[in-house]
Every structure is written in C-alpha cells, then in structure tokens.
Amino acid sequence: MGLLGNIKKGLQKTRSMLQGRLGALFSRRRFDDDFYDELEEILIGADVGLQTSLELVEKLRENVQKGRISEPEQVVDLLKEMLLDILGKETVPLAVSEEKPMVILMLGVNGVGKTTTIGKLAARYRKEGKNTLLVAGDTFRAAAIEQLEIWAKRSKSDLIKHQQNADPAAVIFDGIAAAKARGSDLVLCDTAGRLHNKANLMEELKKIYRVIGKALPGAPHEVLLVLDATTGQNALAQAKVFNEAANLTGIVLTKLDGTAKGGIVVAVARELQLPVKLVGVGESIDDLQPFDPQEYVEGLFAGEWI
Amino acid sequence: MIFANLSEKLQNAVRRLRQKGKLTEKDINAALREVRLALLEADVNFKVVKTFIADVRERCLQSDVMASLTPGQTVIKIVKEELTNLMGGEVAKLAAADRTPTVVMLVGLQGSGKTTSAAKLANLLKKQNRSVLLVAADIYRPAAIKQLQVLGEQLSIPVFQLGQKQPEQIARAALEQARREGYDYLIIDTAGRLHIDDEMMAELVRLEEVLQPEEILLVVDAMTGQDAVNVAQSFRERLNLTGVILTKLDGDSRGGAALSVKAVTGCPVKFAGVGEKTDAFEPFHPDRMASRILGMGDVLTLIEKAQSAFDEEKARELERKMRSRQFTLEDYMEQLQQLKKMGPLNQIIEMLPGIGGMGKKLKNFDVDESVLKKTEAIILSMTPEERAQPAIINSSRRRRIASGSGTRVQDVNNLLKQFAMMNKMMKQFGKMEKSMLKKKGKFPFM
C-alpha cells in the first residue's frame, strides 16, 4: 500500500481523532491551563520530545495572548505550520553525485534497520537502472554479512564482503575500489549497529569515514543516520554524537508503519538542522519512500490513542 | 540537558521553601512538577506519569511528610519507593516447569534484540549448568536462522531449525526433541513483528497453543519512547505475557519504557541486556532502574562494584591513614589501582549521583585512563623513601623520575602538586569533621 495508503489511513484516523482527543480538547473552547497541558501531552505522546513540546506550546500560548488566535481550532493549523518551519516544507532528495561512484554510508544504533534500508534503497536505485554495489561493513554481528548477501541477491546488486570480525574500514575501502574498477554507479555501505556512547565504536566509525574519503575524494556523498520511529528522546543524543563522528547528511526514519510517530525527528531537525530524507513504512522491498514533511505532520496528529 | 540532576533540583525546590518553615501543598506540587518532567524526559509514557504523580502526591500530602525535618529527602524517598514499587520490588526469576523442558518464548518488535537475547539467556542458563535447546523460528528476516546458529556455535549451545518451514511445525518438532533428549530449557526465537500486524500476531497465538510455554518474554528496547505502551498492551492482549527483557541498557537512554511496559502489562522485567558480548546479560534490578529513570545515579551498583573490587582490609587501613594524615604516595597509587579494578572509569562516573545528564558531556571528554597509567608509572619510578616523603623530591630527583617513567618533568610536578593539594584537603576535612562532631551535628545533606 505504501506511504500514500498509510497516510490516507492516517488521515481517516485524524478525522476520527478530531472527534476524539483533539475534539474533546476543542470542545473546551477555552484556553486554560488544561488546554495547554493536553496539547503538550499530544506532542509528548508522539515523542516530539519534552523540550521541543514545551517550547512549541509556549509559542502557541504567546500567540493566543497576543490575540493572533481566538479559536482553539486555529491552534492545530498554527502548530502544523510551526512543525513545518522546523522540518522544512519540501521533500529533500538524496544527493546526486556528478562522478561515479556515489557513496552512501548507513549508520545507526543496533536494530534500527540499517541492513534492511540498504536492501530497499538498492532496489530503488536498481529500478532507476543504476548499478549498485553493497558493502558488508557489519563484520561484528553474527550473520549480518549473510543478511546483506540475501538483500544483494534480491536487489540484483553486487556485493563486497570480508570475513566476520574483519576490519570494517578495510572492507569498505575494498568495496569502493571494486566499484571504481567495475564502474558501479552507487556504493551502499552497511555498518555494524553501535550505541553512540561507546567511545571505541565511535572511533571505529570515524576511521571508516576517513578511509572512505581516502578511497574516493569527495565521498561519502550521503551519510544517513537510521532512526527507529519507536525510539524516544534518546534519538536526539544518537543524532548529535553520530553527527560529530561522521558529518551526517540526513535521517532515515524506519518502522513508521507501526503506531509510533517518530516525533523525535522534529527535535533532531531543530537542533541539528538535519533533514529526514527517507521513511520506512513496511517490510517489502518497495516500502522505502521519500519523506514528505506535509504528509508527516498530518500523520503526527493522526492515529489511535490508547 | 535540562534535567541534569533531578535529586538536586528537587532538593533546591524544597530547600527554598523550607526556609519558610512549613511545607505546603504548593511546595509539593512544585517538587512533583520536576519529577513529572524528569519522568517524561526519561520516556515514561505520559499517561503512566499522570497516574504516578497523582499517587505520589497523595502520599506526600500525608501529614508526616509535611512535618518531617527533611521534606526534600522524604519526597525523593517516596518518589523512589513508589517508582520501585511500580517497577516491581524484587528481582524476578525465570519460571520452572514441573517436568522438563521449561519452555521460554521470546516475542517483540523488529530490532528489539530477540535473537541476541535468546542466545544470551541460553548462555546464562548454561552457566548455571542447565541444558538448553535454542529454536530458530524467525523464518522471515534474511539470515535470522543463520544468526542464531552462529551464536549457538560460539556458545556451544545446540540450535534447532527446520529452515523456512511454518513456525508451528518447527515449534512442535523442537518441543518433541527437547522432551526426548531431556533438555532443561527450550528457548524459542520468534520473528520480529508489528503489534498491529494481525496475521503475524495470530501466528504467535498459534505458537503459544503449540508450546504451552512457562514464559513468554516481551523483548523491549530500552530506548523505546511513548509507543512502548501501545506495543506492550497489544502483545499482552494476544498472549499470556509473563515477563520482559529490557535490551540495550548499556546505551545512555534513561529507559523509561521499562516503567511504561510494567505499568501496562503488570509483568516484571526479568532480564536486561547490557552489552555487545554474549555474557552481557543480567537479572534485572528494579530499584536500580528507578534511580536511573530519575537520573539519580545507580548508587547501588556502584557500591556493589566498589565492594567487590576493594579489599576491605586495605580500605580500612587507608581510612586510618587518611585520618591520621599519614597518607603517602604509595597509598595513593594503591588507591588508583583499586579504582582501576572497578572497571572503565567513564562507566563508573555515569553511575555517580549528581552526574545525571552531565554524563553525556563527560562522555565527550572521555575519561582518560592513560592519565592513571602515567601516574602509576611515575610513582613506580620513585624510591620507597620518596614515596613516603615527597618533600625530599628535588629537581634532580624529578628529572630522574621523569626519565625513569617515560614522562616529562612537568608531569611529575603536576602529580606532586596534586598530591600536596589532596593532603591539604584531607587535613581540612579532618578538622571539619572534628568540629562537626563537637556540635553533634550532621552534614546538612545527610
């Protein structure tokens, strides 16, 4: 069904929700403390983050006090506008490199969906007729190489791999060299999941980043941090530390097909000016989509609330 | 970080008001507002927070709190107690079946860490001399079966698999083999699934029917946000959950999801994944988690670590010397060596109360363990006489020590300066303590 279907479903839910939670909120027709508290809870409930939520609600409050808003319904429109100011109004596409190969580096903590995202992304580029080469840079987790191998087959991409426990920077160096020799259009580098508070693993990442630059000046062209939509406040810390280590160029928000909203990307976009470029909305190979901020903001207020 | 240290903030909030003499309801509300924000920042679900705060407020408003001499402390204590109660008071154990095997099923979202946890749990049981059969029932994710096989091989634990056959079929055959061969435990790794995926949830229900497991453990990522309640609720509605495994607790998330999940399912968190290695898996301590969620530092863990690393005799000796001001460089080195035994310094620092959110900043500066090594080398290059009486170390001795330890003269100077300062501080501390004793007073923060 893809993102559009999901969004549509979401919009239907928005309507029922407007009669539900937001509806109840607006039936108050009064801007009292409870009104703002509830609005705050809606944002916090979507994992927008405490500080961001508090500040957004504070801004709304100011607007009401200045008389810019008189009806509770207007609040949602203004709130959406404020969120779009943070997230950007347009879809930010992936970079296009002038020369071949273009190198994409995929990063993130454990279990967010890096390998799966690479598989799906490779499939997308293959559809556009590009030659893709996958590099098995996760040499740590058991069977991570085999997992990428299966994705390479599914997406009909080349694969460069070493043994388990090999130096990931060396695998990636080889991958880029192979891509240059074969004339591949794209190199997609997988990396092991790493918690951002492990200094040694972040050092390893810095080395990977440096080595890519040496293997191909100007590379990597995209450094994407994969964030799991179910993650809460910690995603902000992840983004900060990964950004320091490897100059992120964008975010991939995965697992948006659940009930989690991934609202922490608002805080990430605000603090680090990092655009969300892709979203994962399902298990099949086509379920990786460009991020549409407008649709996302609609979806943020949609859905069921327990 | 906005909530660098909750306990400090709370104490400040209350201290300010205490000067007025009596604690009012308004004061308690102010303090509880801080608690609310801290819990929300820790990713505890906002509804759970609401109920929790209401409960705590009720207890706080009871007269004995208002009248207590240290209302700040009392409020914190109540918050911590209620939090620990909510988390479940004691360390929960794995159930045991009347006849073997005890069947344990792991379920959860994609990427929560089921396969890794299955192997880690098996390893923990194996260390307790139990025989374990692991079952690979994730037939969907590419190479999931292979992953479990590799882990099983590393740990010398057998892994049962039937390739991509239906999970029920795999479960049935595995159970049969476990019974036949008399395994103590059968641990089933299932595929990650979304809680709203009806078909996939139905598969788990069928698995539960086939296996009749003693334990169904929901595997939850400690970094999970507000959605943890939705996930936990959905899994609980379909399955007879018996417990939770909290993974990736070695990250720096505050882990409020643990509280949300506990509140929604009523199931205790039984185990925690705390590292990349297969032995980084522990029974879960609810009281410690309560401290972590509040940002109060894991004092208990620290104390335990210190206790196991410090030789008590030596500690007492050290204390005596510190009091009598006979603390020498030799003692100083010994102290550093003890400290090193407690584990990586940045891990220890994280556990200290008062560090809280600051821990994140500290991580960037990365505690430099090489400084410890350097200090050790310098002291080792001194003669026993020099260690006992640093005053005799003149410039020629300093040069000798520097070249002997492969450091610079400045490093030796620094160390001596630090040591002198430390001794001075100890003297002051000794005096302070004496005058305090005279007044029969306590430290203001005790």
Side-chain angles (χ1 to χ4, degrees), chain A residues 40-42 44-47 49-51 53-54 109-113 115-116 119 140-151 154 164 192-199 201 228-235 237-238 240-241 244 254-255 257-264 283 304-306, chain B residues 2-3 37 40-43 45-47 49-50 109-113 115-116 119 140-151 153-154 192 194-197 221-231 233-234 247-248 250-254 256-257 264 276 346 350 359-360 363-364 366:
Chain A
E40 198 180 292
E41 281 176 356
I42 291 175
I44 288 171
D47 285 317
L50 186 56
Q51 199 171 6
S53 301
L54 295 179
V109 298
N110 314 65
V112 288
T115 310
T116 309
F140 179 79
R141 205 198 63 200
I145 298 171
E146 284 86 347
Q147 187 181 346
L148 193 69
E149 212 162 8
I150 294 170
W151 278 109
R154 279 188 195 170
Q164 198 175 348
R194 66 198 75 226
L195 291 174
H196 55 285
N197 60 338
K198 308 235 156 147
L201 296 180
D228 182 332
T230 32
T231 306
Q233 314 277 302
N234 196 249
Q238 292 170 22
K240 278 183 191 162
V241 180
E244 275 164 26
T254 59
K255 308 184 197 175
D257 45 335
T259 46
K261 305 287 186 189
I264 196 65
E283 302 228 301
E304 287 156 9
W305 297 74
I306 287 182
Chain B
I2 14 181
F3 305 105
L37 294 177
L40 287 173
E41 237 238 329
D43 286 323
N45 182 269
F46 69 92
K47 285 183 181 169
V49 173
K50 223 177 200 173
L109 298 182
Q110 290 97 339
S112 54
T115 308
T116 307
Y140 307 98
R141 181 168 59 100
I145 298 171
K146 178 79 185 169
Q147 185 183 351
L148 196 64
Q149 281 176 320
V150 172
L151 290 169
E153 211 169 287
Q154 279 171 17
L194 275 176
H195 53 293
I196 50 170
D197 188 332
D221 185 329
M223 297 179 274
T224 312
Q226 297 285 319
D227 201 42
V229 290
N230 295 326
V231 175
Q233 181 132 324
S234 308
T247 60
K248 305 176 207 174
D250 49 328
D252 58 3
S253 69
R254 295 261 285 279
V264 168
E276 302 243 330
N346 45 8
E350 255 173 76
K360 284 188 186 111
K363 235 155 280 149
N364 293 341
D366 218 345

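Note on naming: letters A, B, ... go to the chains in the order of the sequence lines (proteins, then strands), and numbering restarts at 1 for each one.
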Greatest number of non-hydrogen atom pairs under 4.5 angstrom with chain B, of A:Glu146, A:Gln233, A:Glu40, falls to A:Gln233
Under 3.5 Å: donor-acceptor pair, side chain of A:Thr230, backbone of A:Ala260:
no
Heavy-atom contact with chain A under 4.5 Å, split by part of B:Gln110:
both
Any donor-acceptor N/O pair, A:Asn197 side chain to B:Asp250 backbone, under 3.5 Å:
yes
Part of A:Leu201 within contact of chain B (heavy atom distance under 4.5 Å):
side chain
Could you check whether B:Lys50 pairs with A:Glu41 (Lys NZ or Arg NE/NH1/NH2 to Asp/Glu carboxylate O, under 4.0 Å)?
yes
With only heavy atoms counted, which part of A:Glu149 is less than 4.5 Å from chain B, the side chain, the backbone, both or neither?
neither
Is a donor on one side and an acceptor on the other found under 3.5 Å between the side chain of B:Asp43 and the backbone of B:Gly256?
no
Which pair of non-hydrogen atoms, one from B:His195 and one from A:Thr259, has the smallest distance, and what is that distance?
NE2-OG1, 2.7 Å
Interface moiety of B:Gln149 toward chain A, non-hydrogen atoms closer than 4.5 Å
neither
So which part of B:Leu109 gets closer than 4.5 Å to some heavy atom of chain A, the side chain, the backbone, both or neither?
side chain
Heaviest contributor of heavy-atom pairs below 4.5 Å to chain A, chosen from B:Thr116, B:Asp197, B:Val264, B:Leu194, is B:Leu194
Strictly distance-based, threshold 3.5 Å: is any side-chain N or O of B:Thr224 a donor or acceptor partner for the main-chain N or O of B:Asp221?
yes
Heavy-atom pairs under 4.5 Å with chain B - which of A:Gly258, A:Gly232, A:Gly113, A:Ala144 has more of them than the others?
A:Gly232
